[in-house]
Amino acid sequence: MQVVHPICAGIDVHKAFVTVCLRRVADNSVVSMDNREFATTTPALLELLEWLVAESCPVVAMESTGVYWRPVYQVLSNALDVIVGNAYDMRRRPGKKTDRLDAEWISELLAHGLIAPSFVPPPAIA
C-alpha cells in the first residue's frame, strides 16, 4: 500500500492520558515507531506538541470518542494538521487490545491515508 504520510502520529486519547505512536518511514523503507505517553494537562500536551514539532511530524490522527479529544485537538491544531476520525471506522480487529497497539494502528491507518476526517466546528460555532 502506498504511504501518504511518511512521518505521522496516531494518538489514543483517554481522560487522564494520551498514548502516542510516532511512525516514521526511513529512506530505505524501514518503518520505526516511537511510543510515548503524556498526561492530558495543558503543560503535558504542550510537551507533546514540542516533541512532535521537534520530530518534524506534520500530521496526527485520533479517534473522536467522547469529549476527551477536544483539549488535545485545541493544543495541537495550532501547529499541526490534526485529523479526528470516527472511532467506528478506525476500530481494530478483535484480539489483544492495548493503548499502545491502538496508537500504532491509528498511525498505520493515517500513514496510508485511510482515515476520513470528521467535521470539527471552529471555536466560534462551538
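Note that the coordinates shown come from a computational prediction; the quantities given were computed from them, not determined experimentally. Positions are given from 1, in the same order as the sequence printed here.
With sequence neighbours left out, T42 forms a side chain to side chain contact (heavy atoms under 4.5 Å, CB included) with L46. Checked against ring pair (Phe, Tyr, Trp, His ring centres under 6.0 Å), Y68 has no partners two or more places apart in sequence or in another chain. Applying the salt bridge (charged side-chain N to carboxylate O under 4.0 Å, His left out) rule to D34 yields the partners R36; only residues at least two apart in sequence or on another chain are considered. In this structure, D27 has no side chain to side chain contact (heavy atoms under 4.5 Å, CB included) partners at least two apart in sequence or on a different chain. Under the side-chain hydrogen bond (donor to acceptor under 3.5 Å, both in side chains) criterion, D89 pairs with no residue at all, not counting sequence neighbours.
For the atom pair E47 CD and L52 CG, the distance stands at 11.0 Å (nearest 0.5 Å). Atoms CD1 and CG, from I7 and L22 in turn, are 7.5 Å apart once rounded to the nearest 0.5 Å. R70 contributes atom CZ, which lies 13.0 Å from atom OG of S77 (distance to the nearest 0.5 angstrom).
Members clustered with V25: V3, V31, M33, by chain and number, using a 4.5 Å side-chain heavy-atom cutoff among hydrophobic residues. Under a 4.5 Å side-chain heavy-atom criterion applied to ILVMFWY residues, the cluster that includes V4 comprises that residue alone. If you chain together ILVMFWY residues whose side-chain heavy atoms come under 4.5 Å of each other, F17 ends up in a group of its own.
Nearest approach of I115 to G85, heavy atoms of both residues: CG2-CA, 4.0 Å. Residues S107 and A9 share a closest heavy-atom pair of CB-C, 4.1 Å.
No side-chain donor-acceptor contact under 3.5 Å links S64 to the backbone of V84.
Connection of V82 to V18 is established within a shared hydrophobic cluster, with ILVMFWY side chains joined at heavy-atom distances below 4.5 Å, either directly or through further cluster members. Grouping the Ile, Leu, Val, Met, Phe, Trp and Tyr side chains by contacts below 4.5 angstrom, directly or via other members, places V59 apart from V53. L80 and V120 fall within the same hydrophobic cluster, where Ile, Leu, Val, Met, Phe, Trp and Tyr residues are linked whenever their side-chain heavy atoms come under 4.5 Å apart, directly or through other members.
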Exercise for the section: Might you work through the side chain to side chain contact (heavy atoms under 4.5 Å, CB included) test for D81 and V60, ending with a clear yes or no? Expected result: CA-CA 6 Å; D81 185 18; V60 299; over 6 Å; no
Exercise for the section: For E63 and V13, run side chain to side chain contact (heavy atoms under 4.5 Å, CB included): C-alpha distance rounded to whole Å, both residues' side-chain angles, the deciding distance at 0.1 Å, then the answer. Expected result: CA-CA 7 Å; E63 295 176 338; V13 182; over 6 Å; no
Problem - Verdict with reasoning, L110 to I83, per side chain to side chain contact (heavy atoms under 4.5 Å, CB included) - result: CA-CA 9 Å; L110 177 61; I83 297 174; 3.6 Å; yes
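You'll find the side chain of I106 stays beyond 4.5 Å of the side chain of I11, heavy atoms only.
For the side-chain hydrogen bond (donor to acceptor under 3.5 Å, both in side chains) condition, the pairs that include at least one residue of residues 11-21, sequence neighbours left out, are D12-H14, H14-D99. Residue pairs satisfying the salt bridge (Lys or Arg N to Asp or Glu O under 4.0 Å) criterion with at least one member in residues 107-117, sequence neighbours excluded, are listed as follows: R23-E108. A side-chain hydrogen bond (donor to acceptor under 3.5 Å, both in side chains) check over residues 50-59, counting only residues at least two apart or in different chains, returns the pairs R24-E55.
Just one residue in the list V72, L76, N78 forms a side-chain contact (heavy atoms from CB on, under 4.5 Å) with L49, and that residue is L76.
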